[in-house]
Amino acid sequence: MRRFVELTEMGRGTGPRVLLLPGLGARGAGFRALAERLSFVARPVLVEYPEGSHAACGAGELASQVLKAAGQVDAVVASSYGGMVAGHLAAAGAVRAVAFISSFSRPEHLGLRGHLIPMMGPIALLGRPGPLTAALASWKHVPTEQVPDVVPTTALERMTTLHRAFASRREPPPPELRPLPVSCLCIQGDRDVLVPASTMARLAASLPPGTPQLLLRGAGHVPYFTHPGECARLLTPWLHALAPAPGVETAA
C-alpha cells in the first residue's frame, strides 16, 4: 500500500519535465502510452497517488505531496480530478504550464455534477467498476487486462477512491489561474459522459486569456489512454514552447 506519492521517470532527454496526473480513481500507469510518445520531446513522469486510508486528503494536500516528491517541474498534464491538483500546483508557482485533458480545476466547472464528486467514492465502492464502466468512460471497448488502468477494480483501489472522494470536500478548490503567468491548454473528448464537453468552456474562462480549447472527436473521458497519438500530437507544439527554466530540477 502506497503511503505517499510515487513517481516513475519515463524520459531522460533534455525536453521539459512533465508530470502526468491521473483522475480520482485512475492509475498513473494509464498514461504510459502517452508518456512513451511524449518521451521524444519531453521527460514525462508518471504519478501514483497514495492508497487506502492514506488517500484521505484533498487536492491541495495531494498537490503538496506531489511537489515534495517531484520538486518544481516545467509542466503538468492532468486528467479529470487531477486538474484540481494541477490548479493548486500552478497557484503555488510550482509549475509553469498545465494541460487539462477532459478535466476541471474547480467543481463548479462541472456544473451541477460538481456537487457529486464526493459521491464518486461510494459509487466506486458499491458499483464495483469493471469492463462495462471502463468502456463507458473510454467510449470504446477496453481489453480486460487494461481495465484497471481506467477504473478502480481492486478492493484497495475502490476504498482508495472512497477516501479521496470524501476528502475532496474538506478544503477549498484552487484559485482561478486566469491572472497567473501560466501557459495552459484544454483538450476535451466530445464523447465524455463524466466530464462533458461543456465543461471545457467554463474551465477555459478561469484560465489565462487565449488558452486554446481543442476537441477530440470520438474520444471519451480518458483520451490520453484511448487516443495517445492524437493527444501527443496536440501536446507536442505546446511542449516545444516550454524551454526548461533555469533552476528547474532534472530528476526527482
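Counting begins at 1 with the first residue of the sequence. The shown structure was predicted, so the numbers you read here are calculated from the model rather than taken from an experiment.
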Does the Gln188 side chain pair with the main chain of Val195, one donor and one acceptor, at a distance under 3.5 Å?
yes
So how far is it from Met120 CE to Leu162 CG, rounded to the nearest 0.5 Å?
12.0 Å
For the side chain of Ser183 and the backbone of Ala97, is there at least one donor-acceptor N/O pair under 3.5 Å apart?
no
Residue pairs, two or more places apart or on separate chains, that pass salt bridge (Lys or Arg N to Asp or Glu O under 4.0 Å) and touch residues 129-141
none
Residues Glu9 and Arg17 bridged, charged N to O under 4.0 Å:
yes
Exam field: side chain Glu157 to backbone Thr153, donor-acceptor pair closer than 3.5 Å:
yes
If you take all heavy atoms of Gln72 and Leu67, which pair is closest and at what distance?
N-CD1, 4.0 Å
Got a donor-acceptor contact below 3.5 angstrom from the Ser39 side chain to the Glu36 backbone?
yes
Does Leu112 have more than 12 heavy atoms from other residues, nucleotides or ligands lying within 6.0 Å of its CG?
no
Would you mind listing the cluster partners of Met200? Hydrophobic ones only (ILVMFWY), side-chain contacts under 4.5 Å, chaining allowed.
Leu215
Just checking, Arg169 and Phe166: is the charged tip under 6.0 Å from the six-membered ring centre and within 45° of the axis?
yes
Which ILVMFWY residues can you reach from Val193 by hopping between side chains whose heavy atoms are under 4.5 Å apart?
Leu136, Trp139, Leu194
Spell out, as yes or no, whether a donor-acceptor pair under 3.5 Å connects the side chain of Tyr49 to the backbone of Arg164.
no
Can you check side chain to side chain donor-acceptor pair (under 3.5 Å) on Ser138 and His221, steps first, answer last?
CA-CA 6 Å; Ser138 303; His221 186 55; over 6 Å; no
Sequence neighbours excluded - salt bridge (Lys or Arg N to Asp or Glu O under 4.0 Å) pairs with any residue from residues 202-227:
Asp190-Arg217
Give a yes or no answer on whether the side chain of Tyr81 reaches the backbone of Ala59 with a donor-acceptor pair at less than 3.5 Å.
yes
Under 3.5 Å donor-acceptor, Arg2 side chain and Glu51 backbone
no
Tell me, which pairs form a side chain to side chain donor-acceptor pair (under 3.5 Å) where one or both residues lie in residues 203-216, sequence neighbours left out?
His109-Ser206
What residues, two or more places apart in sequence or in another chain, satisfy side-chain hydrogen bond (donor to acceptor under 3.5 Å, both in side chains) together with Glu176?
none
Is a side-chain N or O of Arg128 found less than 3.5 angstrom from the main chain of Ala124, in a donor-acceptor match?
no
